[in-house]
Undergrad: 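I am attaching a structure below and will ask some questions about it afterwards.
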Amino acid sequence: LSLIAWASKSNNNTTFTMPDEDKRKRKKSKRKTRRSSSNRSSDGLDEEQPALPIDQGEAEFANTAAFNPDYDPDVMDNTQAAVVVVDNVEDQQPVFTLVQEDDDEGAIPSAIAEPDAGPTQPEFTEDGLAVAMAVDLSGEDEFIYSAIEYDPDSKPPLHKNRRFRVYTCLAFSVVIAVVVVVVVYVTKSAKGADVTDKELLWDGDPSTSPTSPPSTNREASGIKEQIEAGILQRGVNFTDMDKGDPRYLALDWILHADQLQLDSDDKNLYQRYVLALMAFTLDSLAWYNCGEHRIFGNVTEMFGMEACEVVNSATGQIEDHSVWLSSTEECEWYGVICSSDEVVRGVELIGNDLIGEIPPEISKLRFLQYLALNGNCLYGTIPPEIGQMPSLLSLELHGNGLSGELPPEMYDASKLQLLNVAMQYQYSYQCQMSNGTMVNTLYQRGGVMATQETGLVFNSGLYGEVLGSNVNKWASMKGLHLFDNSFTGTLSEEIGDLKYLVFLRAQNNVINSYLPDGLANLKKLREVYLNKNEIYLNILPDIGLMEDLEDIRLNENEMTGIIPESLYNLKKLKKLWLGDTLECGEVEKTTTNPSGWSCDATKEFGFEGSLRTEIGNLKKLSQVLIQNNPLTGTIPTEIGLCEDLAILHMHKTNIEGSAPRELCLLRDKNLNNEAGTGIFYADCRPNNKTEDPFFACDCCTDCCDHTTQVCIADD
């Protein structure tokens, strides 16, 4: 085989060709002519050249410039070298020929050097041609790279093509995504395929009558049995239930109308059913916000309310929510609060015109911590099942029309921290049901059950001995709000076990008791409202131990005694209401007073003694109401240190003398208002119309006649 390798310095490219015999002869003749006319020095000709790296007819060629024996750059700049390797067929010895082509006829052909030629010396023919010597491969220590013929049309294997691999990965990802979408779609379609009926209200006229239940295989899916066993209370079942019962309507919605189409083993089945039951029981169609879930439409189009916007009363911002009984997750419904694992933790529907009775099944929201349904038109009783809610921390039902006894089971809610059932008695709020019926919380059951025989019966609120011996079961209680009801009984000593209690508001009830000594153990108590009850006897002598106390309201009770000295140690005290102490007794029964019991506030009965100079310690004091008590003495000048004082009612007492200058100076601070009245009351009017005022005051806003007890604003 013959191989001719051309090396060009100008383009640094090496090519391999297979020349014919005539071309080789012509190059030989030309090379002889050039060698004869060359002026090459004898040193350059006679110098032994290193052996060429030859292996079975293949050669590795280096840059020809490296083998210029004269190191003449001018020679190599215009030089082209050709190397011919010819196999000697007769003796199997390869013959190597070096051909020099150059425009300069005097150029000397350059030998190709091997980095480590060894002892072998090159041989030349008589024509000066280098003879390629056979190489003993067995003695060769170095690896010799072989020249490889380059095929410009060759391509790498397909699996090594980078673009092919990228496109393959993208195609695989697309296939996976398509498969996932198809599986989800097929699953959803399969779950909803058995729904054969939908409620549709034509021409925008809603109908409140329930639709007939559709016949589907979801009736046999186990959902009905699951809800009946796990949710329904008080021994009821769906079989004997009226089809218009809210519990049955909620089941029908879960089975047929709910687009989520839950299965019996879905983890949110219970909570979604209970919330649906609340919507049907409390007439969600009449709600102020996010209750309209019906589907409207006509012969060409229909629409259902899914989203709603609510203005946050605290921030004024518009918030986006979902409508109750919509196809969205229940955690997105307005007022529903969920944790990150989509478990209902709170329901807050304040002032949303909820109408009806609280369903006992609400207790099956096992993880519910916060329930706020205040400011609505709820009536009936509080379900005792609420006491079985193991996670309940806060229950707010104030501002409704609830009645009946506070269930004793409520004490079992041992984790309760806030209980607010206030404002049920004489609280009037009106709502309109979705069928147009008006409801008023002023009457029992909202007045909707009134008949011609019974007429409207006023609601007296909740009753029971709420602060009795069981109260210490609420060991975590921080806020007790019981005011404006008909609670009775006494204040038990066990109330002193509520070491975390901060707010005790039980005013306007019928609690007949003295203040127990245990009350002084409530070190964290800030507010104690026991006014308008039947509290008697004196203020606790150790009341000064309640260092956090800010607000004391004991007015309109039957209390007596002196104001204890320790009270002046309450440096955080802001409000002191001791006025209008009542003297009660039996009187003749009349049509206007069938009970035969009458109470009057006079200056002859109530707290005694005088205000001490230590009142100056109460620098945060803003309101002092001590009217209608037989208090005596004078006003100490130290009261001028109470610079936050804004209201002072000291009329209808036996306090005499005159208003100290230090007190009058407070009129330039906070003891004033824009109306100029109702701020500073005293018996500064002419006594008995003609005599000198019982209390001289030129800075009071309102004056009363000490004898006639007639008060007229004169400022």
Side-chain angles (χ1 to χ4, degrees), residues 180 183-195 198-199 213 216-233 238 246-282 284 287 290-291 293 304-308 320-349 354 358-373 383 385-386 388-394:
V180 170
V183 170
V184 172
Y185 176 77
V186 171
T187 303
K188 289 290 185 180
S189 300
K191 292 179 70 174
D194 55 354
V195 179
K198 178 182 287 188
E199 180 184 1
T216 72
N217 59 10
R218 285 180 63 79
E219 297 282 353
S221 63
I223 294 177
K224 177 180 177 181
E225 292 75 14
Q226 186 85 321
I227 294 176
E228 189 173 86
I231 299 295
L232 295 187
Q233 299 290 296
F238 288 118
R247 292 167 290 191
Y248 194 91
L249 295 176
L251 173 66
D252 182 73
W253 180 80
I254 286 287
L255 290 175
H256 309 301
D258 184 11
Q259 296 186 33
L260 290 191
Q261 294 293 280
L262 298 181
D263 292 328
S264 60
D265 58 348
D266 282 330
K267 69 175 185 178
N268 62 329
L269 175 63
Y270 280 7
Q271 67 181 28
R272 193 167 179 87
Y273 173 80
V274 172
L275 293 176
L277 175 58
M278 289 181 62
F280 284 106
T281 303
L282 304 179
S284 66
W287 290 2
C290 306
H293 60 271
M305 305 299 292
E306 292 281 327
C308 62
D320 294 325
H321 300 277
S322 293
V323 174
W324 280 59
L325 300 183
S326 62
S327 63
T328 59
E329 297 288 344
E330 63 273 11
C331 290
E332 299 178 13
W333 295 355
Y334 168 67
V336 178
I337 303 170
C338 293
S339 53
S340 58
D341 54 355
E342 297 184 345
V343 174
V344 176
R345 304 285 182 173
V347 176
E348 183 183 69
L349 296 172
L354 278 62
I358 302 173
E361 286 77 11
I362 199 173
S363 63
K364 290 304 178 179
L365 294 175
R366 295 177 52 246
F367 301 101
L368 193 72
Q369 298 176 330
Y370 172 55
L371 179 61
L373 304 179
E385 288 83 359
I386 289 183
Q388 302 171 3
M389 302 178 73
S391 304
L392 191 61
L393 302 177
S394 177

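Scope of the values below: all heavy atoms of this structure, side chains included, with no hydrogens, waters or symmetry mates. Small disclaimer: the values here were computed from a predicted structure and weren't measured.
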Undergrad: Would you mind reporting whether Arg218 and Asp263 have side-chain heavy atoms less than 4.5 Å apart?
TA: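 Touching, per the 4.5 Å side-chain cut-off.
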Undergrad: CG/Leu277 to CD1/Ile254 distance, rounded to the nearest 0.5 angstrom?
TA: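 Spacing of CG (Leu277) from CD1 (Ile254) equals 10.5 Å.
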Undergrad: Side-chain contact, heavy-atom cut-off 4.5 Å: Leu262 with Tyr273?
TA: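 No. Closest side-chain heavy atoms not under 4.5 Å.
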Undergrad: How close do Ser322 and Cys290 get, counting heavy atoms only, and between which atoms?
TA: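 Closest approach of Ser322 to Cys290: O-CB, 4.2 Å.
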Undergrad: Using a 4.5 Å cut-off on heavy atoms from C-beta on, say whether the side chain of Glu361 contacts that of Thr281.
TA: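 No, their side chains stay 4.5 Å or more apart.
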Undergrad: Would you confirm whether Gln388, through its side chain, and Ser363, through its main-chain N or O, come within 3.5 Å as a donor-acceptor pair?
TA: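 Side chain of Gln388 to backbone of Ser363, a donor-acceptor pair under 3.5 Å: no, none is there.
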Undergrad: Without swapping roles, check the side chain of Glu342 against the backbone of Ser340 for a donor-acceptor pair under 3.5 Å.
TA: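 Not at all, since once roles are kept as given, no pair shorter than 3.5 Å links the two residues.
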Undergrad: Would you give the length of the straight line joining atom CD of Gln271 to atom CG of Leu275, rounded to the nearest 0.5 angstrom?
TA: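 Between Gln271 CD and Leu275 CG, I get 6.5 Å after rounding to 0.5 Å.
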Undergrad: Return a table of donor-acceptor pairs under 3.5 angstrom between the side chains of residues 365-372 and protein atoms on other chains or two or more places apart.
TA:
unit_1: Tyr370; atom_1: OH; unit_2: Glu348; atom_2: OE2; d: 2.6

Undergrad: Taking the side chain as everything from C-beta on, heavy atoms only, tell me whether Ser326 gets closer than 4.5 Å to Trp333.
TA: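 Touching, per the 4.5 Å side-chain cut-off.
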Undergrad: Please walk me through it: do Leu260 and Glu329 pass side-chain contact (heavy atoms from CB on, under 4.5 Å)?
TA: CA-CA 8 Å; Leu260 290 191; Glu329 297 288 344; 4.0 Å; yes
Undergrad: Of all the heavy-atom pairs spanning Pro360 and Pro383, show the shortest one and how long it is.
TA: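 Answer, listing the atom of Pro360 first, then Pro383: CA-CB, 3.9 Å.
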Undergrad: What orientation do Trp287 and Trp324 show, parallel under 30°, tilted 30 to 60°, or perpendicular over 60°?
TA: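 Correct class here is perpendicular.
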Undergrad: Using only atom types and a distance under 3.5 Å, with no angle test, would you say the side chain of Gln226 pairs donor to acceptor with the backbone of Asp265?
TA: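 Side chain of Gln226 to backbone of Asp265: no pair is present.
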Undergrad: Less than 4.5 Å apart, any side-chain heavy atom of Ile362 and any of Glu385?
TA: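 Counting from C-beta outward, Ile362 and Glu385 never come under 4.5 Å.
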Undergrad: Listed by chain and number, what are the salt bridge (charged side-chain N to carboxylate O under 4.0 Å, His left out) partners of Asp320, not counting sequence neighbours?
TA: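 For Asp320 there are no salt bridge (charged side-chain N to carboxylate O under 4.0 Å, His left out) partners, ignoring immediate neighbours.
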Undergrad: With the side chain counted from C-beta on, respond yes when Lys364 and Tyr270 share a heavy-atom pair under 4.5 Å apart, and no when they do not.
TA: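 When only atoms from C-beta onward are counted, Tyr270 and Lys364 do not touch, as no gap falls below 4.5 Å.
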Undergrad: Hey, could you give me the CD/CG distance between Glu228 and Leu251, rounded to the nearest 0.5 Å?
TA: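 Taking CD in Glu228 and CG in Leu251, the distance rounds to 9.0 Å.
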Undergrad: Is any side-chain heavy atom of Glu219 closer than 4.5 Å to one of His256?
TA: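 In contact.
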Undergrad: For Ser264 versus Ser221, what's the shortest heavy-atom pair and its separation?
TA: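 Here Ser264 and Ser221 meet closest at OG-O, 3.6 Å.
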Undergrad: Would you name the heavy atoms of Leu392 and Ser394 that are closest together and state the gap between them?
TA: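 Of all heavy-atom pairs spanning Leu392 and Ser394, the closest is CD1-O, 3.6 Å.
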Undergrad: Kindly write out the residues that satisfy salt bridge (charged side-chain N to carboxylate O under 4.0 Å, His left out) with Arg272, not counting sequence neighbours, or none if the list is empty.
TA: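 Only Asp258, Glu330 meet the salt bridge (charged side-chain N to carboxylate O under 4.0 Å, His left out) criterion with Arg272.
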Undergrad: Would you give the length of the straight line joining atom CZ of Arg247 to atom CZ of Phe280, rounded to the nearest 0.5 angstrom?
TA: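 Nearest 0.5 Å value for the CZ-CZ distance: 14.0 Å.
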